[in-house]
Amino acid sequence: MSNQLPVHIPYARGGLYSDTPPLSAPLAHPVPHQPIPQFIPNNAALAVQEDGKIYSLVIDLMDPNAREGALLELSKKREQYDDLALVLWHSFGIMPALLQEIVSVYPLLSPPNLTAHVSNRVCNALALLQCVASHSETRQLFLNAHIPLFLYPFLNTTSKTRPFEYLRLTSLGVIGALVKQNDNTTVIHFLLSTEIIPLCLRIMETGSELSKTVAIFIVQKILLDETGLTYICHTYERFYAVGTVLSNMVNQLVETQAVRLLKHVVRCYLRLSDNLRAREALRACLPEPLRDSTFSVLLKGDMVTKRCLTTLLNNLNEP
């Protein structure tokens, strides 16, 4: 005798349900289809509306009379609209319009005649270029077009007035956006081949604290790449130029106590110590304030930088 329970298939012929309803069952009268109301969720409707605003502002960039307002509004919205870089790059005539804004300022650089109004306008254009430089799908295209070269005249200025400082800082922001990505070997190759290091070193010596911070961040990212480290340590002249500026910054930091700058300085020295030739040179030229307890109070709560500094000193003490 089988222990299996009988399988009951209710939908099989002869089961609980017959193939057709009983004749006594009333047939339902057909009801004409009612129109389905078109419903768009509020957030989707808002997104469509926002897209329309962005596209309208991008079109306005082509109109010289409307461009200034469009630059301002788009620079405000670049953090909120993820695909703005794609729209800017792939829209006909938009990148030339942004470059026209940049080139038009060149005559005001020397002699320095840049006003705050003009500086703000070109910085809004630079903010849009930074958006393009940051996006993974447009970054390489941005490099292939050699667009960073259009910013180098701004980085090469020396006037300490606010309009020029703002212009340098925003230009550095574009370069910083390029090197900020993890996979940036092609970026490093491009920047080294176009002599970005001397421009950054000058700003590290003479710029405002904020400009110095962005400039040394760029140098630090270049050093972190193996190609960049090898390039800077390849000749005595290059190493000496970088080492001298870093040493001067340390001496300034004794007075200013700018902890953000100090973090980058320590990391740059630590990375230089990974190169054997540079390590040998640093044994003789590492600034004394980094060897003693000058910055111990400043770094009291920063365990990461303290650890970096300890590792640096250990590297230099190794035989």
Side-chain angles (χ1 to χ4, degrees), residues 51-159 161-179 187 190-191 193-196 199 203 211 214 218:
D51 284 355
K53 290 180 182 177
I54 293 291
Y55 298 148
S56 178
L57 288 170
V58 170
I59 292 171
D60 283 346
L61 292 175
M62 296 292 288
D63 180 358
N65 295 321
R67 185 179 297 164
E68 183 172 1
L71 287 170
L72 177 60
E73 291 304 314
L74 285 170
S75 67
K76 292 178 182 176
K77 294 178 181 292
R78 70 186 192 279
E79 303 277 335
Q80 306 159 14
Y81 190 76
D82 293 339
D83 290 334
L84 180 58
L86 297 172
V87 174
L88 292 171
W89 184 267
H90 294 292
S91 297
F92 177 80
I94 297 304
M95 295 308 295
L98 295 178
L99 292 179
Q100 186 179 40
E101 286 292 309
I102 289 169
V103 173
S104 68
V105 177
Y106 288 172
L108 304 177
L109 301 181
S110 182
N113 287 314
L114 192 65
T115 64
H117 175 260
V118 174
S119 177
N120 286 337
R121 175 167 173 160
V122 72
C123 284
N124 288 333
L126 289 169
L128 298 185
L129 290 187
Q130 180 175 337
C131 175
V132 176
S134 301
H135 199 286
S136 60
E137 294 183 42
T138 52
R139 185 167 46 129
Q140 190 59 50
L141 300 170
F142 187 83
L143 277 182
N144 293 346
H146 288 193
I147 291 178
L149 295 179
F150 287 89
L151 279 54
Y152 285 15
F154 299 158
L155 298 177
N156 203 32
T157 58
T158 56
S159 173
T161 62
R162 187 181 293 263
F164 277 92
E165 180 60 32
Y166 188 32
L167 187 61
R168 279 191 297 271
L169 181 60
T170 314
S171 300
L172 284 169
V174 180
I175 308 299
L178 284 172
V179 300
V187 174
F190 176 86
L191 294 177
S193 67
T194 55
E195 295 293 319
I196 190 67
L199 294 174
I203 293 171
S211 290
V214 182
I218 294 168

- Quick one: does Thr158's side chain get under 4.5 Å of Phe164's, heavy atoms only? no

- Considering non-hydrogen atoms only, spot the tightest contact between Lys76 and Gln80 and give its length. O-NE2, 3.8 Å

- Derivation and outcome, side-chain contact (heavy atoms from CB on, under 4.5 Å), residues Thr170 and Asn124: CA-CA 9 Å; Thr170 314; Asn124 288 333; over 6 Å; no

- Please confirm whether the backbone N or O of Gln130 pairs with a side-chain atom of Ser134, one donor and one acceptor, at under 3.5 Å? yes

- Task: Measure the OH-OH distance between Tyr81 and Tyr55 for me, rounded to the nearest 0.5 Å.
- Result: 3.5 Å

- Going by distance alone, is a donor N or O of one side chain under 3.5 Å from an acceptor N or O of the other, for Ser159 and Thr157? no

- Can you check side-chain contact (heavy atoms from CB on, under 4.5 Å) on Asp60 and Glu73, steps first, answer last? CA-CA 11 Å; Asp60 283 346; Glu73 291 304 314; over 6 Å; no

- Query: Side chains of Phe154 and Leu199: does their closest heavy-atom pair fall under 4.5 Å?
  - Reply: no

- Out of curiosity, Leu128 CG to Leu57 CG, how far, rounded to the nearest 0.5 Å? 10.0 Å

- Query: Is Lys77 close to Leu84 at the side-chain level, that is, under 4.5 Å between some pair of heavy atoms?
  - Reply: no

- Message: For a side-chain contact (heavy atoms from CB on, under 4.5 Å) check, start with the C-alpha distance between Leu86 and Glu137, then their side-chain angles and the critical distance, and finish with the verdict.
- Response: CA-CA 8 Å; Leu86 297 172; Glu137 294 183 42; 3.8 Å; yes

- Note on the structure: Interatomic distance, CD1@Ile196 vs OH@Tyr152, rounded to 0.5 Å, equals 4.0 Å

- Could you pull out the closest heavy-atom pair between Phe92 and Met62, with the gap in Å? O-SD, 3.7 Å

- Item | Residues which pass side chain to side chain donor-acceptor pair (under 3.5 Å) with Gln100, listed by chain and number, not counting sequence neighbours | Arg67

- Query: His146: what forms a side chain to side chain donor-acceptor pair (under 3.5 Å) with it, not counting sequence neighbours?
  - Reply: none

- Just how far is it from atom CG of Leu126 to atom OH of Tyr166, taken to the nearest 0.5 Å? 9.5 Å

- Message: With heavy-atom distances below 4.5 Å as the criterion, would you say the side chains of Thr138 and Leu88 are in contact?
- Response: no

- Item | Separation between CD1 of Ile147 and CG of Leu129, rounded to the nearest 0.5 Å | 6.5 Å

- Any side-chain heavy atom of Val118 sitting closer than 4.5 Å to one from Pro163? no

- List the atom of Ser104, the atom of Pro107, and the distance in Å for their closest heavy-atom pair. O-CD, 3.4 Å

- Task: Calculate, to the nearest 0.5 Å, the distance between atoms CZ and NE2 belonging to Arg78 and His135 respectively.
- Result: 14.5 Å

- Query: Do Leu109 and Tyr106 come within less than 4.5 Å of each other through their side chains, counting heavy atoms only?
  - Reply: yes

- Query: Are any non-hydrogen side-chain atoms of Leu114 and Pro112 less than 4.5 angstrom apart?
  - Reply: no

- Item | Salt bridge Arg162-Glu165, side-chain N to carboxylate O under 4.0 Å | no

- Query: Would Val174 and Phe142 satisfy side-chain contact (heavy atoms from CB on, under 4.5 Å), going step by step from the backbone distance to the final call?
  - Reply: CA-CA 11 Å; Val174 180; Phe142 187 83; 3.9 Å; yes

- Message: Any non-hydrogen side-chain atom of Pro148 less than 4.5 Å from a side-chain atom of Leu178?
- Response: yes

- Message: So which atom in Ala125 and which in Leu71 form the shortest heavy-atom distance, rounded to 0.1 Å?
- Response: CA-CD2, 3.9 Å

- Message: Taking side-chain contact (heavy atoms from CB on, under 4.5 Å) as the criterion, tell me which of Val132, Val187, Asn144 meets it with Arg139.
- Response: Val187

